[in-house]
Amino acid sequence: MLSDTHRQPDIEIAELIDRLPKVELHVHLEGTLEPELAFRLAARNGVALPFASVEEMRAAYHFTDLQSFLDVYYAACSVLVAREDFRELTRAYLARAHADRVRHVEPFFDPQTHTDRGIPIEAVIAGILDGLADGQREYGITSGLILSFLRHLPAEAASATLDAAEPWLDRIVAVGLDSSEVGFPPEPFAAIFARARALGLRSVAHAGEEGDASLVARTLDSLRVSRIDHGVRAATDPALMRRLAESGITLTACPNSNVRLRVFSTMEQSTIRTLLEAGVAVTINSDDPAYFGGYIGDNYRAVAAALALTSGDLYRLAANAINGSFATAERKRELLDELEGVVAPGRGR
Ligand code: ADE
Ligand code: ZN
């Protein structure tokens, strides 16, 4: 564990973070696969993992960049085979999210990671939807599922994936774009994002994680998304920050991920404060919590400690997530009321 993800905020701020009703807008369900569950599923499905034990698997999580992480993340997905596996994965994440007071979540899943190994898309989507229904019943967590395309594969493959998902599109809220950013620009996906919009889906895309600020602007121009996942590199470009603030684009930042994948070498270098001060609707999320040493609450605590966040900042971050979600207006109002019962809007930043 890196020491900078271990710094603690002062006690009042830590207590406030515990009590905040949270909305998580950037979490990959495959990235919530904890080694304990991976080993259980490997045994059940007769799949071999390249680790002798849970401890050995966790100890191998040292990454030098995004690709070094993605190689491990895609390999671990081999244990996910049956509909029930996807349900268990989703349930385990929601149980953990509930402990952090997550009230609404819009998780990603990467169908191509599974269909390319011969898993029927029905097992993937139906299993995840089962798990999300369990989470709503057991914890009251509402959700909107995001089907994410892998940008290192051709746009035609993304298009075929959207076709294959057709029977479930009424239960999918948006499409997304993830995987390796550098070398895989957004423009080839413009037509498929336009098709998804025509089908009534919203859209989001990863940009400005390893790629620079210009990729955030190109993603907005070509894909016309309403949220940028990560986007933290936008802080190097004042004109772009003004554009983001004025157009109300939400950024889904993932602080522990950024330190683990060396986007920033320390949490103090996180650009979240700069973005908040520029009026950009930035939010805090966990990305791939099983790999990066913590869930959403840990991410809030790490940033609050490193950047000395105030209660006004925490209000802003939590409210940005509610307002930037694809929840109904009624659900957003409920969540804002709950938030305002915990922390006053204050002056914020
Ligand atoms: N897939 C899972 N985590 C990711 C990340 N941080 N960036 C891009 N693709 C991902
Ligand atoms: Zn991500």
Side-chain angles (χ1 to χ4, degrees), residues 5 23-34 38 61-78 80 86 89-90 93 97 105-116 124 128 144-153 157-158 161 174-186 189 203-212 215-216 219 223 225 227-234 250-264 270-272 282-296 298-299 302 321 324:
T5 61
V23 164
E24 179 145 62
L25 302 180
H26 187 158
V27 59
H28 302 262
L29 286 171
E30 293 90 343
T32 70
L33 177 61
E34 293 285 352
Y61 293 170
H62 292 287
F63 309 114
T64 49
D65 57 11
L66 174 58
Q67 194 59 52
S68 67
F69 155 69
L70 289 173
D71 293 343
V72 174
Y73 161 96
Y74 293 130
C77 286
S78 63
L80 295 163
F86 290 92
L89 176 73
T90 306
Y93 161 68
V105 60
E106 295 181 359
F108 304 116
F109 73 113
D110 294 335
Q112 292 157 287
T113 300
H114 313 297
T115 52
D116 282 7
V124 181
I128 292 171
L145 185 58
I146 302 178
L147 184 160
S148 204
F149 304 118
L150 297 180
R151 69 195 310 153
H152 69 269
L153 298 177
T161 301
V175 292
L177 187 67
D178 62 10
S179 192
S180 322
E181 182 178 7
V182 175
F184 298 97
F189 296 91
S203 62
V204 301
H206 282 54
E209 177 184 18
E210 279 195 335
D212 63 18
L215 275 161
V216 173
T219 300
L223 303 187
V225 292
R227 298 199 301 248
I228 291 282
D229 297 311
H230 294 290
V232 287
R233 300 243 185 180
T250 301
L251 299 189
T252 64
C254 303
N256 279 351
S257 166
N258 290 162
V259 175
R260 289 303 186 98
L261 301 186
R262 315 238 180 128
V263 171
F264 303 120
S270 162
T271 55
I272 287 173
V282 63
T283 63
I284 291 190
N285 307 271
S286 68
D287 205 4
D288 301 287
Y291 293 91
F292 301 147
Y295 286 75
I296 189 169
D298 299 301
N299 279 272

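Whatever order the structure lists ligands and atoms in, that order sets their numbers, starting from 1.
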| By atom name, which N, O or S atom belonging to D287 lies closest to the Zn ion (ligand 2)? | OD1

| message | Suppose we call two aromatic rings close when their centres sit under 6.0 Å apart. Are F149 and H206 close by that rule? | response | no

| field | is_close_aromatic(H114, F86), centroid dist under 6.0 Å | value | yes

| request: To the nearest 10 degrees, could you say what angle the Zn ion (ligand 2) makes with NE2 of H28 and NE2 of H26? | output: 110°

| remark: For atom 3 (N) of ligand 1, the closest protein heavy atom turns out to be D288 OD2, 2.7 Å

| field | Y291 versus E34, side-chain donor and acceptor atoms under 3.5 Å | value | no

| task | Indicate, as side chain, backbone, both or neither, the part of D229 found under 4.0 angstrom from ligand 1 when only non-hydrogen atoms are considered. | result | neither

| field | Donor on one side chain, acceptor on other, H152 and S179, under 3.5 Å | value | yes

| said: Below 4.0 Å from ligand 1: does a non-hydrogen atom of F108 turn up there or not? | reply: no

| remark: A student checking ligand 1 against H230 at a 4.0 Å heavy-atom cut-off should list atoms 6 (N)

| query | Of the listed options (L29, L261, V27, L70), which comes nearest to atom 10 (C) of ligand 1 when hydrogens are ignored and any heavy atom counts? | reply | L70

| request: Please check if the distance between the ring centroids of Y61 and F69 is under 6.0 Å. | output: no

| R227/E106 salt bridge by N-O under 4.0 Å criterion | yes

| Of the protein's non-hydrogen atoms, which lies at the shortest distance from atom 9 (N) of ligand 1, and what is that distance? | S179 N, 2.9 Å

| Side-chain donor-acceptor contact under 3.5 Å, D178 with S148 | yes

| task | Would you mind running through ligand 1 and noting each atom that sits below 4.0 Å from a heavy atom of E209? | result | 5 (C), 6 (N), 7 (N), 8 (C)

| field | Nearest protein heavy atom with distance in Å, relative to atom 1 (N) of ligand 1 | value | H28 CE1, 3.5 Å

